[in-house]
Amino acid sequence: CAARVDFLPSKQEIGGQGDAALIVYVDGYNIIGCDAICRRAMRGKHGGCMSSARQRMAKLIERKFVRKALSQQLSLPYGVVVHLCFDGDGADYKCGALQVSFSSKQQIVDDKLVAMFAQNGKAQNANRLVVTSDKALTLRLYDVGVKVMKSGVFYQLFLAQDDEDVDDVDDDAKNGGMEVDGDDDQKREEDEFVMVMAKKLAQATNDGNGEDTPDEDEDDTNDESEGDDDDEDEDDGTD
């Protein structure tokens with residue numbers, strides 16, 4: 001797709017002069033599908049599992065991308081401003097220099113981003129980058145001049161390295177950490193956005209960069225796509 005990029009754009013490509021900045025919006029539940037630990041948390045049956053997945057991804061992005069970009073460890077020719085966006089209700093908060101936000105239950109992230117960018121001209125959107133594997137959203141963003149990087153590409157470039165520095169995410173979740181979900185709020189969120197999240201998780205996993213690790217439950221994936229081939233084989237050439 002013409003709108004997709006495999007690397008971060010150059011300063012010239014974002015129309016940068018002086019103190020230019022690339023503004024990145026990450027489709028939260030989509031990129032969660034790239035991370036095996038986050039996917040296991042999303043499948044969990046105990047309370048707080050969704051919150052744990054969100055917190056882990058926020059820490060991954062803040063520590064491995066935002067912090068390194070701002071300290072020039074990534075040698076980028078511009079600054080970065082990063083937003084991690086989740087579907088549903090929730091209280092916006094900051095994880096270091098990373099802004100974490102929620103779309104509200106009336107509007108999914110896709111529609112919120114497109115509506116926001118549509119208010120600008122294409123030239124104004126030159127320094128906007130959305131991280132998502134949603135093909136339909138990619139085309140909508142292309143129409144308004146926004147660049148897109150697939151979640152799997154972003155994950156492999158910046159987040160897939162050894163993650164010892166985020167192993168304490170479980171402690172944060174247990175101790176209240178950065179984000180607290182009430183039981184009622186979490187139940188409502190799970191009920192109303194389960195289909196949206198399932199689609200986004202599947203899209204990112206199918207990028208080919210979010211393969212399950214050996215310790216994940218094998219029967220949790222590809223349930224609907226397997227099981228019919230054997231029956232078809234038995235019907236062929238058996239007269």
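Values reported hereafter were calculated over all heavy atoms of this structure, with side chains retained and with hydrogens, waters and symmetry mates removed.
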Cluster check [X], [Y]: I/L/V/M/F/W/Y, side chain < 4.5 angstrom:
| X | Y | answer |
| --- | --- | --- |
| Phe102 | Val109 | no |
| Ile14 | Leu113 | no |
| Ile61 | Ile32 | yes |
| Val144 | Val24 | no |
| Val26 | Met42 | yes |

Kindly determine whether Val148 and Tyr142 satisfy side-chain contact (heavy atoms from CB on, under 4.5 Å), including the steps that lead there. CA-CA 8 Å; Val148 175; Tyr142 176 71; over 6 Å; no
Sequence neighbours excluded and cut-off under 3.5 Å, please list the side-chain donor-acceptor pairs for residues 74-85, or say none.
unit_1 : atom_1 : unit_2 : atom_2 : d
Tyr78  : OH     : Pro9   : O      : 2.6

Walk me through it: do Asp35 and Leu159 pass the test side-chain contact (heavy atoms from CB on, under 4.5 Å)? CA-CA 9 Å; Asp35 185 74; Leu159 309 182; over 6 Å; no
Which ring pair (Phe, Tyr, Trp, His ring centres under 6.0 Å) pairs, counting each pair once, include a residue from residues 104-127, with sequence neighbours left out? Tyr25-Phe117
From SG (Cys34) to CE (Met57), nearest 0.5 Å: 7.0 Å
Look up atom CG in Asn127 and atom CD1 in Ile23, then write down how far apart they are to the nearest 0.5 Å. 4.5 Å
Identify the two heavy atoms, one from [X] and one from [Y], that lie closest to each other, and give their separation to 0.1 Å.
| X | Y | value |
| --- | --- | --- |
| Ser103 | Gly88 | OG-N, 3.1 Å |
| Cys95 | Glu62 | O-CG, 2.9 Å |
| Ser151 | Ser133 | N-OG, 3.2 Å |
| Ala41 | Cys49 | O-CB, 2.8 Å |
| Ala97 | Val66 | CB-CG1, 3.8 Å |

Whether the side chain of Gln119 engages the backbone of Met116 through a donor-acceptor N/O pair (distance < 3.5 Å, no angle test) should be reported. no
Contacts of type salt bridge (Lys or Arg N to Asp or Glu O under 4.0 Å), residue Asp111, not counting sequence neighbours: Arg140
Would a 4.5 Å heavy-atom cut-off, applied to side chains only, mark [X] and [Y] as touching?
| X | Y | answer |
| --- | --- | --- |
| Arg128 | Lys147 | no |
| Val100 | Phe86 | yes |
| Asp27 | Asp110 | yes |
| Phe158 | Leu8 | yes |
| Met149 | Leu157 | yes |

Under the side-chain hydrogen bond (donor to acceptor under 3.5 Å, both in side chains) test, which residues partner [X], sequence neighbours left out?
| X | answer |
| --- | --- |
| Asn120 | Asn125 |
| Gln99 | none |
| Glu13 | Ser10 |

Any donor-acceptor pair under 3.5 Å linking the side-chain atoms of Arg54 with those of Tyr29? yes
Would Leu129 and Phe154 count as a side-chain contact (heavy atoms from CB on, under 4.5 Å) here? Give the steps. CA-CA 11 Å; Leu129 173 70; Phe154 184 86; 5.7 Å; no
If the test is side chain to side chain contact (heavy atoms under 4.5 Å, CB included), which one of Leu137, Thr132, Val130 qualifies with Asn30? Thr132
Between Gln73 and Lys64, is a side-chain contact (heavy atoms from CB on, under 4.5 Å) present by the stated rule, with each step listed? CA-CA 10 Å; Gln73 294 182 58; Lys64 292 181 173 294; over 6 Å; no
